[in-house]
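These notes concern the structure reproduced below.
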Amino acid sequence: MAILASEFAMKELKLLRYFLGIVVTKHAKGLFLSQSTYASDIIARAGTTSCKPSATLIDTKQKLSTCVGTPYDDPTLYQSFCGALQYLTFTRTDISYVVQHVCFHMHSLCTEHMLPLKHILRYVQGTLQFGLHLYHSPIEKLVSYTDANWGGCSDTLQSILDYCVFLGDNLISWFSKRQPTLSRSSVEYEYRGVANEASKSCWLRNLLLELHFPISYATLVHCDNVSSIYLSDNPIQHQCTKHIEMDIHFVREVTRRQAHVLHVLSRHQITYIFTKGLPKVLFDDF
């Protein structure tokens, strides 16, 4: 803090306890970030306080469509709760995928879309104590996981791309987004996920270097697509991958110096929590 104060105009505000609706609790092992009060307000506004909490977030067999269903009378109510839940994902990474899922239908809302929204609210009601833990951990390595749910959107068949990054034992960055264009190859989108994660890791390494905490070990990028891993190592350029040539060269350049792309079993691919609905056992593990 003293070094930063010598460079910038700063004030010492003492121990952080509350910031933009996020309650910060300090304990022996680190910090706990919680939005339980904010989540309780959402539940009360929805009138679901007395409803039975749900143990899971989404029906894994249900496929919602924007093209089929009865139009809903008051879309502003749905949009209001979607926006409120988006802010809750700042400390609740477990609901990132389902919140993104219901947000897809905000502008073509049907009565069937209210069911998964109510399901999320019931899940949040039963997990108000959940939040984001930040532990005392040595700043030695970055470990990341990346995955793409190819054709994951049932309406457009666009892929859902995601990654998450751990600094030591702490989750510091995560991302889940439906991509704007179609892909004809699962390898292409898996590899684009690796390229995005390699770019993110480079940015984080440079940021830590500027903060005088350089990372001495190469970043480990875990991917469950074997073809993408082979592509990152294989120096031979194949005709079928010419359309992603820039990503290929970028990843190979990064892996020579700052990162290693490794295979991870699907059972341990924790980014599945950001790309698809999961059975309860797998969801609880992740």
Side-chain angles (χ1 to χ4, degrees), residues 15-60 62 64 74-106 109 112-137 145 162 164-167 169-177 270-286:
L15 190 64
L16 177 63
R17 297 186 182 277
Y18 190 82
F19 181 74
L20 296 179
I22 301 174
V23 178
V24 181
T25 305
K26 188 174 182 179
H27 53 82
K29 296 183 179 180
L31 298 175
F32 177 66
L33 310 184
S34 171
Q35 292 175 278
S36 57
T37 303
Y38 176 76
S40 297
D41 292 341
I42 297 175
I43 298 300
R45 187 153 58 91
T48 58
T49 307
S50 58
C51 292
K52 183 180 178 181
S54 172
T56 58
L57 270 167
I58 194 170
D59 184 355
T60 57
Q62 186 180 28
L64 294 178
D74 186 12
T76 56
L77 179 66
Y78 182 93
Q79 293 165 357
S80 173
F81 283 117
C82 284
L85 289 170
Q86 279 185 314
Y87 187 70
L88 187 59
T89 61
F90 280 10
T91 59
R92 294 292 302 272
T93 57
D94 53 331
I95 66 172
S96 294
Y97 168 69
V98 289
V99 171
Q100 174 193 225
H101 191 63
V102 296
C103 286
F104 287 161
H105 310 291
M106 284 200 297
L109 180 62
E112 290 80 1
H113 300 146
M114 287 298 294
L115 296 177
L117 179 64
K118 292 178 179 178
H119 202 136
I120 297 172
L121 293 173
R122 288 171 50 215
Y123 172 81
V124 172
Q125 179 188 349
T127 56
L128 290 174
Q129 76 279 12
F130 283 14
L132 185 65
H133 289 275
L134 298 175
Y135 300 101
H136 294 299
S137 176
Y145 295 81
D162 69 89
C164 63
V165 185
F166 290 84
L167 177 60
D169 298 329
N170 298 306
L171 179 64
I172 62 169
S173 180
W174 58 92
F175 171 93
S176 178
K177 183 180 180 181
I270 61 175
T271 53
Y272 278 179
I273 202 171
F274 297 126
T275 55
K276 60 195 71 172
L278 297 171
K280 185 178 186 303
V281 174
L282 203 56
F283 177 80
D284 288 343
D285 286 347
F286 289 157

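Quick note: numbers below take in every heavy atom, side chains included, and nothing from hydrogens, waters or symmetry partners. Nothing here was measured: the structure is a model prediction, and the numbers come from that model.
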Inset, instruction - Determine, stepwise, if the pair Arg17 / Thr25 fulfils side-chain hydrogen bond (donor to acceptor under 3.5 Å, both in side chains). - result: CA-CA 6 Å; Arg17 297 186 182 277; Thr25 305; over 6 Å; no
Legend entry - Working for side-chain contact (heavy atoms from CB on, under 4.5 Å), residues Val24 and Tyr18: CA-CA 6 Å; Val24 181; Tyr18 190 82; over 6 Å; no
Legend entry - Candidate pair Asp94 and Phe283, rule side-chain contact (heavy atoms from CB on, under 4.5 Å), full reasoning: CA-CA 9 Å; Asp94 53 331; Phe283 177 80; 4.0 Å; yes
Inset, instruction - Check step by step if side-chain contact (heavy atoms from CB on, under 4.5 Å) holds for Ser34 and Ile22. - result: CA-CA 6 Å; Ser34 171; Ile22 301 174; over 6 Å; no
Inset, instruction - Start with the C-alpha gap between Leu16 and Leu31, add the side-chain angles, then the distance that decides, and say whether side-chain contact (heavy atoms from CB on, under 4.5 Å) holds. - result: CA-CA 10 Å; Leu16 177 63; Leu31 298 175; 5.9 Å; no
Legend entry - Stepwise salt bridge (charged side-chain N to carboxylate O under 4.0 Å, His left out) check, Asp284 with Lys280: CA-CA 6 Å; Asp284 288 343; Lys280 185 178 186 303; 2.7 Å; yes
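Note that the NZ atom of Lys52 and the CD atom of Gln125 stand 12.0 Å from one another [nearest 0.5 Å]. In this structure, CG in Asn170 is found 8.5 Å from OH in Tyr135, a value given to the nearest 0.5 Å. Remark: Arg45 CZ to Leu77 CG distance equals 8.0 Å, nearest 0.5 Å. Note that CG of Leu85 is 6.5 Å distant from CG of Leu117, once rounded to the nearest 0.5 Å.
Judged by distance alone, the side chain of Tyr87 and the main-chain N or O of Tyr38 form no donor-acceptor pair under 3.5 Å. With hydrogens and angles ignored, the 3.5 Å screen pairs no side-chain donor or acceptor of Asp169 with any backbone N or O of Ser137. Side-chain atoms of Tyr78 come within 3.5 Å of backbone N or O of Val102 as a donor-acceptor pair.
Put simply, the residue from Leu121, Ile120, Val124 that forms a side-chain contact (heavy atoms from CB on, under 4.5 Å) with Ile42 is Leu121. Considering Thr89, Thr91, Leu20 as possible partners of Gln35, the one that fulfils the side-chain contact (heavy atoms from CB on, under 4.5 Å) test is Thr91.
Gln86 has its side chain out of reach of Leu88: every pair of non-hydrogen atoms, C-beta onward, lies at least 4.5 Å apart. Between Phe130 and Tyr123 there is a side-chain heavy-atom pair separated by less than 4.5 Å. Leu171 has its side chain within reach of Cys164: a pair of non-hydrogen atoms, C-beta onward, lies under 4.5 Å apart. Residues Leu132 and Phe32 form no side-chain contact, since every pair of their non-hydrogen atoms from C-beta on lies 4.5 Å or further apart.
Defined by atom type and a distance below 3.5 Å, a donor-acceptor pair is present between the side-chain atoms of Arg92 and Thr127.
Here the closest heavy-atom approach between residue Pro53 and residue Gly126 is recorded as CB-CA, 3.7 Å.
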